[in-house]
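Below: the structure, in structure tokens.
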2 protein chains.
Amino acid sequence: MSTKFKGNLDETDLFIIKRLCEDSNTSLASIGDELNVSPSTIHKRICRLKEGGIIERFTILFDPSILNLKTIAFIGIELERSALVGKKKDEVISKLLSMQEVLEIHETLEPFDLLLKLRTENVDFLREIIGDISTIEGVHTTNTILTTKKILETPLKYETIKDLGDIRRG
Amino acid sequence: MSTKFKGNLDETDLFIIKRLCEDSNTSLASIGDELNVSPSTIHKRICRLKEGGIIERFTILFDPSILNLKTIAFIGIELERSALVGKKKDEVISKLLSMQEVLEIHETLEPFDLLLKLRTENVDFLREIIGDISTIEGVHTTNTILTTKKILETPLKYETIKDLGDIRRG
DNA sequence: AGTGAAACGTTCATTGA
DNA sequence: TCAATGAACGTTTCACT
């Protein structure tokens, strides 16, 4: 479903991904040195990983506070019964997707139907957004969990990359 | 609190950050072209942004499914009254930080004391982790919100970077 | 998967605004 | 103080092996 990558990821691929996660400015030569292969091999591997959709893009992590988005909240949404499936649900989701403050949308079973993660400048803006969400047709109730302090927020702990185990794909 | 950056971020800085978010392999020269400044200026800006902690690091986004971490869950934790502040709370948090599956930890007010986000390979592993968490001294109850489908998951919508407004810092 | 060479990008000391 | 220049150096890319 998620990738069009052909073949298996081997140890080399995973090592490359890990090194690039740590620092995507690392030169191909130095990655090659660590693996005892040539830079051009690393280059070809990275191209393949990009084409296969394994590597989405090269990017930077930056301090979100420069955007003044200091308020993080989670919102549980219960949908109206008529919006639990089909077109009406799709419409709810597409409206949520179009909101810049909405960073995550997950389907859940209990106690909500959808769980969102949002970032806003402050609590007043958050209130506005919640207002917008609750007036979306098909949204029955919203339940806000306002966070007061972020202790950890990381996309993935890439240290995990090392178990080459059964990473197979068709 | 969060950065040691001296001075203000100007339009140029924000443009650089946005371009690097989109593609951190963009050459300094081509960013410079778009801003009508020289590559060396871009270079110095990026150095300054790195040193100031605005740019955390250069990295890649990759498909998490290669790590077989397909299960996303959120866990609300209520702490025992004795662990609501101080050393005991710090110990709970440091145990949570050390768990590879725990990707986010937020303090909240209601209805939980802490909200976690986790990724695991499958629901069985999740159950194990929940077991581990619930036996941490100071954890009173855990409430799991299991997600069934990820619709959106993005660290930040960097398209937001453009309002140069009142982005001031001391 | 490696080699080697050309093209390209980065870095920095120097100079000027 | 900040940006531009230009040259030295390092990296990427690609045709060929």
Side-chain angles (χ1 to χ4, degrees), chain A residues 3-63 66 158 161-162 164 167-169, chain B residues 3-62 66 158 161-162 164-170:
Chain A
T3 67
K4 52 203 169 191
F5 192 78
K6 304 290 178 203
N8 297 335
L9 293 176
D10 64 11
E11 195 167 346
T12 303
D13 292 314
L14 290 171
F15 186 87
I16 291 170
I17 291 169
K18 183 174 177 180
R19 288 298 279 108
L20 292 178
C21 276
E22 288 164 2
D23 177 8
S24 66
N25 272 347
T26 310
S27 73
L28 307 188
S30 73
I31 299 176
D33 283 351
E34 294 181 71
L35 292 169
N36 287 311
V37 296
S38 71
S40 72
T41 300
I42 307 295
H43 178 243
K44 278 178 216 163
R45 293 287 188 131
I46 292 175
C47 289
R48 200 161 54 98
L49 291 167
K50 278 194 210 163
E51 280 162 16
I54 303 287
I55 293 179
E56 285 173 45
R57 62 192 162 88
F58 284 64
T59 189
I60 55 169
L61 293 183
F62 68 92
D63 181 348
I66 66 166
Y158 51 80
I161 310 175
K162 65 191 163 198
L164 342 163
I167 292 149
R168 308 253 138 191
R169 41 191 65 239
Chain B
T3 67
K4 51 203 170 196
F5 192 79
K6 303 291 180 204
N8 297 335
L9 292 177
D10 64 12
E11 195 167 346
T12 303
D13 293 314
L14 290 170
F15 185 88
I16 291 170
I17 291 168
K18 183 174 177 179
R19 289 297 280 108
L20 293 179
C21 277
E22 288 164 3
D23 177 8
S24 66
N25 272 346
T26 309
S27 73
L28 307 188
S30 72
I31 299 176
D33 283 349
E34 294 181 71
L35 291 169
N36 288 311
V37 297
S38 71
S40 73
T41 301
I42 307 294
H43 178 243
K44 275 182 219 158
R45 293 289 186 129
I46 292 174
C47 288
R48 200 162 54 98
L49 291 167
K50 276 194 212 166
E51 280 162 17
I54 303 287
I55 293 179
E56 286 174 45
R57 61 193 163 89
F58 283 63
T59 188
I60 54 169
L61 294 183
F62 68 92
I66 66 167
Y158 52 79
I161 309 175
K162 65 189 166 200
L164 344 161
D166 24 47
I167 293 149
R168 309 252 135 191
R169 40 191 65 239

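- Look at NZ on A/Lys44: it is 13 Å from P on D/dT13, rounded to the nearest Å.
- Counting only heavy atoms from C-beta outward, the side chains of B/Leu49 and A/Phe62 never approach each other to under 4.5 Å.
- For B/Arg45 and D/dC2, the shortest distance from a side-chain N or O to OP1 or OP2 is not below 4.0 Å.
- Note on B/Thr41: every side-chain N or O is 4.0 Å or more away from OP1 and OP2 of D/dA3.
- The pair B/Glu51-B/Arg48 does not count as a salt bridge, with every side-chain nitrogen at least 4.0 angstrom from each carboxylate oxygen.
- Residues A/Lys50 and B/Ile60 are not in side-chain contact: their nearest non-hydrogen atoms beyond the backbone lie 4.5 Å or more apart.
- Listed for the A/Arg57 side chain is a donor-acceptor partner under 3.5 Å among the backbone atoms of B/Cys21.
- No side-chain heavy atom of A/Glu11 sits under 4.5 Å from any side-chain heavy atom of A/Leu35.
- Nucleotide D/dT11 holds its P atom 15 Å from the CZ atom of B/Phe58, rounded to whole Å.
- Between B/Ile54 and B/Asp13, every side-chain heavy-atom pair lies at or beyond the 4.5 Å cut-off.
- The CG-C1' distance, from A/Asn25 to D/dT11, rounds to 11 Å in whole Å.
- Taking atom CG of B/Leu9 as the reference point, atom P of D/dC2 lies 13 Å away to the nearest angstrom.
- Phosphate proximity of D/dT12 to A/His43: absent, as no side-chain N or O sits under 4.0 Å from OP1 or OP2.
- The shortest heavy-atom contact between A/Ser24 and B/Thr59 is OG-N, 3.0 Å.
- One end of the helix from C/dA1-D/dT17 to C/dA17-D/dT1 points its axis 30° away from the other end's axis, with each axis taken from 5 pairs and the angle rounded to 10°.
- Residues B/Asp23 and B/Asn25 come closest through the heavy atom pair OD1-N, 2.8 Å.
- Looking at A/Ser40, its side chain comes within 3.5 Å of the base of C/dT3 through a donor and an acceptor atom.
- Atom NZ in B/Lys50 sits roughly 11 Å away from atom C1' in C/dT11 (whole-Å rounding).
- Between B/Ile46 atom CD1 and D/dA3 atom C1' the separation is 15 Å, expressed in whole Å.
- At the phosphate of D/dC2, neither OP1 nor OP2 sits under 4.0 Å from any side-chain N or O atom of B/Arg48.
- The CD atom of A/Glu11 sits 13 Å away from the P atom of C/dA1 (whole-angstrom rounding).
- Counting only heavy atoms from C-beta outward, the side chains of B/Glu34 and B/Ile42 never approach each other to under 4.5 Å.
- Whole-Å rounding puts the B/Leu20 CG to C/dT10 C1' distance at 14 Å.
- DNA chain C lies under 4.0 Å from at least one heavy atom of each of the following residues of residues 27-36 of chain B: B/Ser27, B/Leu28, B/Ala29.
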